[in-house]
Number of protein chains: 2
Amino acid sequence: MSMLLDERRESILKIVENKGFVSLVDLMDSVGASESTIRRDLEYLDGIGQIRRTRGGAAYSGESLSTFEDRSFMSSRQKRQIAQAVANMISPGEAVLMDGGTTTLEVARQLAGKQLQVVTNSLPIANLLVNQPEIDLMLIGGFLFPKTGVALGKTAVESLKSVHVRRLIISVGGITEDGLYNSNMLLVETEQQMFEAAEEVIVVTDSTKFGHSALAYLCPLDTVDHIVVDDGITEEWKDVIRKAGIELTVVET
Amino acid sequence: MSMLLDERRESILKIVENKGFVSLVDLMDSVGASESTIRRDLEYLDGIGQIRRTRGGAAYSGESLSTFEDRSFMSSRQKRQIAQAVANMISPGEAVLMDGGTTTLEVARQLAGKQLQVVTNSLPIANLLVNQPEIDLMLIGGFLFPKTGVALGKTAVESLKSVHVRRLIISVGGITEDGLYNSNMLLVETEQQMFEAAEEVIVVTDSTKFGHSALAYLCPLDTVDHIVVDDGITEEWKDVIRKAGIELTVVET
DNA sequence: ATTGTTTCTGAAAGATTTTGATGGTATTTT
DNA sequence: AAAATACCATCAAAATCTTTCAGAAACAAT
């Protein structure tokens, strides 16, 4: 009863999708292939972003039926590597607050399978994590913005007031020596409340954002604890960041 | 039993379409041709895009039976007609509060395109409506439940306290003369707060729910203003509903 | 009917990919 | 620290694919 390669992978994907998480041994049983083969299949499926490989098995991270995936589907290798770096900082059992945005979405994807408490105002992130059995998911309500699918406004701010987490993961539209910027007043307002809720602030961004401001001022540099960025960042900016007392992680690409 | 070329290829195509995946050896058997011939046929069919060649055989490349769509599109004609009836009651510009559930999701689908304000604690409904330009969408936050994707708990209840809408559309797990039931304590708790937020309560359900209770008691009958149900409902139950002063809409199927 | 031409078929050899196993390394648990 | 578990790199065997070629079948023209 030798299965075709694609058939087997499809079958694995379905199982993972269905159960949320499956152990490698279980998969060996259910599809009747060797450990090596399953490993290779998981590696492949992880490579194309359909599942998230975890120690001992795999978790589902495929695209749910939301409208946002198209954009994030072209998650560049860069973005993915940044996301990977951030995900590696998160320890099991932690409580994490996640802002909207394509990079943070990618982080969420990399978090699949970990045991965590996640709080978010982002619909795409919620979609991604809602069926992860290991993840306790709390949604921040508010007015939903069509373009980005994040909940903002008075309700969101109010809800955030009763939230306390270890880490906040946030993305920005621009960074100058004066601080961080984002594109939308309402967004900034909500994000400012997020700062209050978190012990540590991690900013994910790509190197092109440095030196550019944007419509709405978010916060001064010293609000941030940690910045994760690709290796396109200049030496000058590295200096600025470090002088501001911010930990800097540069991801090699 | 020598087959004509086109006939054979047609036959292969049918088999592949039917099974989704077929191995080369299987095809050799069922078509009665040599390995080489089948190979060449597959190559051809792949060339014209009718199938996808895979190692060891072929896969159907037509409409992707991509697990997701099928599930949510599996709404019966009944459900859809109920949903249509409810959607027709909603006037432009109204504010509507929508509970989770497959029937209410179908209602949401029918609401698309209308100019409305929608408040919901259901992730699927939010997904559906978030990109409708005519619809102002407000999301109720809370702990997200994996199976159903609805936000519940203290946060949800608190958020609902500052909501006021014209109509609430809600689904139930069971209806008896004593009132309405649902399957989950937390769900019921949240739904009870929803009653407070709405001027008028519309219940959508199918006729099989009458006479059955469920785990958690939701409310007495007189909390409800309007019930929409399929025509499987018995005359006795019609009487009960009407005597309770509830408007009843029976959808013909 | 016969011949020549073209297309299709089946078989075999050699190249490529996939697979399962093994032993060593890293990580987690006890 | 030791034991248990999971991971990774490597390799030979197995399965599958491609290429090639000669014979068979179909076809057209004489």
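Just so you know, these numbers use all the heavy atoms, side chains as well, and skip hydrogens, waters and symmetry mates. Throughout, protein chains are lettered first and strands after them, A, B, ... in sequence-line order, and every chain is numbered starting at 1.
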Salt-bridged, A:Lys161 to A:Glu158, with N to O below 4.0 Å?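 Salt bridge: yes.
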Nearest-Å distance for atom pair [atom1]/[atom2], residues [X] and [N]:
X       : N      : atom1 : atom2 : answer
B:Tyr44 : C:dC8  : OH    : P     : 10 Å
A:Ile12 : C:dT18 : CD1   : C1'   : 14 Å
B:Met28 : C:dG10 : CE    : P     : 9 Å
B:Glu35 : C:dA12 : CD    : C1'   : 11 Å
A:Glu7  : D:dA15 : CD    : P     : 17 Å
B:Asp46 : D:dT16 : CG    : C1'   : 16 Å
A:Asp26 : D:dA6  : CG    : P     : 11 Å
A:Glu43 : D:dA6  : CD    : C1'   : 14 Å

Do the side chains of B:Ser30 and B:Ile15 get nearer than 4.5 Å, heavy atoms only?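 Of all side-chain heavy-atom pairs linking B:Ser30 with B:Ile15, at least one is under 4.5 Å.
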Test log, rule side chain to side chain contact (heavy atoms under 4.5 Å, CB included), inputs A:Val229 and A:Trp237: CA-CA 11 Å; A:Val229 67; A:Trp237 276 107; over 6 Å; no
What nucleic acid atoms does A:Ser23 come within less than 4.0 Å of, heavy atoms only: base, sugar-phosphate, or nothing?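 Nothing, no nucleic acid heavy atom in range.
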Of all the nucleotides listed ([options]), which has the minimum atom distance to the side chain of [X]?
X       : options               : value
A:Leu24 : C:dG10, D:dC7, C:dG20 : D:dC7
B:Thr37 : C:dT9, C:dT19, D:dT18 : C:dT9
B:Arg55 : D:dT16, D:dC8, C:dG20 : D:dT16

Can I get a per-line list of side-chain donor-acceptor pairs under 3.5 Å for residues 110-117 of chain A, giving both atom names and the distance, sequence neighbours left out?
| unit_1 | atom_1 | unit_2 | atom_2 | d |
| --- | --- | --- | --- | --- |
| A:Gln110 | NE2 | A:Glu106 | OE2 | 3.3 |
| A:Lys114 | NZ | A:Ala87 | O | 2.6 |
| A:Lys114 | NZ | A:Ile90 | O | 3.0 |

Distance below 4.0 Å between [X] side-chain N/O and [N] OP1 or OP2:
X       : N      : result
B:Arg53 : D:dT16 : no
A:Ser34 : C:dG20 : yes
A:Arg8  : C:dT18 : no

Are there more than 12 heavy atoms of other residues, nucleotides or ligands under 6.0 Å from atom OH of B:Tyr217?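 Count over threshold, so yes.
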What about A:Arg39, does its side chain sit under 3.5 Å from the base of C:dG20 through a donor-acceptor pair?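 No, the side chain and the base share no sub-3.5 Å donor-acceptor pair.
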Taking for each residue the nucleotide of DNA chain C bearing the nearest heavy atom, is the 5' side occupied by A:Ile38 or by B:Asp41?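 Whichever sits nearer the 5' end wins; that is B:Asp41.
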